[in-house]
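Okay, structure first, notes after.
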Amino acid sequence: MATENAQALNVQTFTDNNFDETVLKSGAPVLVDFWAEWCGPCKRLGPTIEALATEYAGKVTVGKLNVDENQNVSFKYNVKAIPTMLLFKGGQIVESVVGLTSKEDLKALFDKHLGA
Amino acid sequence: MPDTRNVIVIGSGPAGLTAALYSARANLQPLVIEGLEAGGQLMLTTMVENWPGHRDGIMGPDLMTEMRAQAQKFGAEIIHGNVTSVDVCSSPITVKTSDTEYRAKALIIATGASAKLLGLPSERKLMGHGVSTCATCDGYFFRGQEIAVVGGGDSAMEEAVFLTKFASKVTLVHRRDTLRASKIMQDKARANSKIAWMLDSEVEEINDTGKGEVTSMRIRNNKTGIRTEVPLAGVFVAIGHTPNTALFRGQLELDANGYVITHDGSKTNVAGVFACGDVQDHIYRQAITAAGSGCMAALDAERYLDHIPEHLQTV
């Protein structure tokens, strides 16, 4: 249990208000997981997101954005399905993944953009 | 070398978790590898009204959370992870995830089935941009807009009714003039004034891949040959499921549609390997039948382990 809580601590919470500051102006790549309380697959993805946040701490910022509470950002990026994961680098979308995805596939995307 | 388990269960829908519950209560300390689509198809549903014992219904995801906790309470170990390969002919049976290899004396396959797609290139390109296989996930994004549901089974009816909460109009497209759905689900859908029907109709194309969003679909009536362009913002595909048996191809007997063939309960053609739930059932496909067959698989595995052949006892 303790480790689960510690992992969750590494997951940022993005909002309409902090998005510019924490995502677009970030020096590091940022993974934004668009989710909602009522989305079963989003909940399944939770442990993967938490594990990635811990493994890539200091290298990739990993966080979640609740589409119910933050409609401006969701609308701006035309999110039409959840879970959707967007990877930002220098304020630009460099990867876009829709639907349940394995940790390995997401790690491969991270490594691709960290290596460059 | 990793420890050899009594039982590994692959999958965590009603079949897998019931198999885990029964084998945990039989003191077999099962390991459940839950898979990418953990919780199974019920995680995509809303109210389940035909699970006995819940007269007012229970939300699909809540039911799965309960099943998971119940299996864990009796000692099932459930891990996140996706099985990447299986060798059912080795002794013990080996099961690999991306980072670990597991071994077991008996294997219960409960990998279920995943949503089938229409197979149009435009459908794949627009997946997540207006095309969806999960109404409960994505209906929210189509408030006040016109959308379509493709399919004629219970899932299609349920999705269509659910989506009328958000959409201004839902067109139900089905390739025949009769529906496969149960009467109660058909009646619910037919009584809903926001649902329009296009029967004997097939989706030929979803537009607009150039724009990267859904703007319309081209429908062909297969009786008259007449084509219609229907403007809309979203297409929900609910045309059935395909069994998740890629891991077992060439190792286990599968039928022409890829389902695991079982006999005498949950037995496959390989001793010590059992299958339950939608991976071996293309007829009933209910939560309750999946759970029932999961129970059968656990009992069959338990009996197998009690009478395991002498030469395999050492492993």
Side-chain angles (χ1 to χ4, degrees), chain A residues 1 3-4 7-8 32-55 65-87 93 95-111, chain B residues 12-13 34-46 59-65 68 78-84 97-99 114-115 117 124-143 145 147 162 165-166 211-214 233-237:
Chain A
M1 278 295 131
T3 53
E4 276 184 24
Q7 289 201 337
V32 183
D33 170 29
F34 292 82
W35 75 290
E37 199 54 54
W38 33 260
C39 161
C42 299
K43 288 189 177 167
R44 290 173 183 162
L45 193 65
T48 302
I49 296 294
E50 288 168 15
L52 286 171
T54 303
E55 269 180 56
L65 184 132
N66 185 317
V67 296
D68 250 339
E69 294 160 7
N70 303 284
Q71 298 182 2
N72 293 345
V73 171
S74 313
F75 186 76
K76 179 177 172 192
Y77 292 101
N78 204 12
V79 173
K80 288 267 183 67
I82 47 175
T84 284
M85 285 148 284
L86 300 179
L87 184 66
I93 296 173
E95 298 288 348
S96 160
V97 186
V98 178
L100 271 175
T101 309
S102 72
K103 193 169 105 182
E104 291 64 43
D105 288 350
L106 289 171
K107 281 172 75 164
L109 290 184
F110 283 14
D111 294 340
Chain B
S12 56
E34 64 181 8
L36 195 55
E37 297 180 44
Q41 294 167 45
L42 280 184
M43 294 297 284
L44 307 180
T45 64
T46 53
M59 297 300 280
D62 293 345
L63 180 58
M64 296 324 296
T65 304
R68 193 175 194 276
I78 303 178
I79 57 166
H80 302 303
N82 206 27
V83 173
T84 51
T97 63
S98 59
D99 50 16
S114 296
L117 297 174
R124 197 160 285 280
K125 284 204 187 103
L126 293 168
M127 186 61 68
H129 303 282
V131 177
S132 171
T133 56
C134 180
T136 55
C137 308
D138 305 335
Y140 170 86
F141 299 104
F142 299 91
R143 274 169 300 181
Q145 296 179 296
I147 58 177
F162 173 79
K165 286 204 262 184
F166 306 100
K211 274 187 165 170
E213 61 180 0
V214 173
V235 177
F236 288 79
V237 181

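Order of the sequence lines fixes the chain letters, A, B, ..., with proteins taken first and strands second; residue numbering starts at 1 for each chain.
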* How far does CD of A/E104 sit from CG of B/D99, to the nearest 0.5 angstrom? ->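 CG of B/D99 is found 6.5 Å from CD of A/E104.
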
* Kindly compute the distance separating CE (B/M43) from SG (A/C42), expressed to the nearest 0.5 Å. =>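 The CE atom of B/M43 sits 10.0 Å away from the SG atom of A/C42.
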
Is any side-chain heavy atom of [X] closer than 4.5 Å to a side-chain heavy atom of [Y]?
X: A/P41; Y: B/C137; value: yes
X: A/W38; Y: B/T136; value: no
X: B/E37; Y: A/L100; value: yes

* A/T84, part contacting chain B, at a heavy-atom distance under 4.5 Å ->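 A/T84 has no heavy atom closer than 4.5 Å to chain B.
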
* Asked: Considering only heavy atoms, which portion of A/T101 lies under 4.5 Å from any heavy atom of chain B: side chain, backbone, both, or neither?
  ->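 For A/T101, backbone heavy atoms alone lie under 4.5 Å from chain B.
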
* Return yes if some donor-acceptor pair links the side-chain N/O of A/R44 with the main-chain N/O of B/G40 below 3.5 Å, else return no. =>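 Here the side-chain-to-backbone pair exists.
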
* Tell me the residues of residues 67-76 of chain A whose non-hydrogen atoms fall below 4.5 Å from those of chain B, in number order. =>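 Listed by number, the contacting residues are A/V67, A/D68, A/Q71.
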
* If you take all heavy atoms of A/N78 and B/E213, which pair is closest and at what distance? ->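 What the structure gives for the nearest pair is ND2-OE1, 3.9 Å.
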
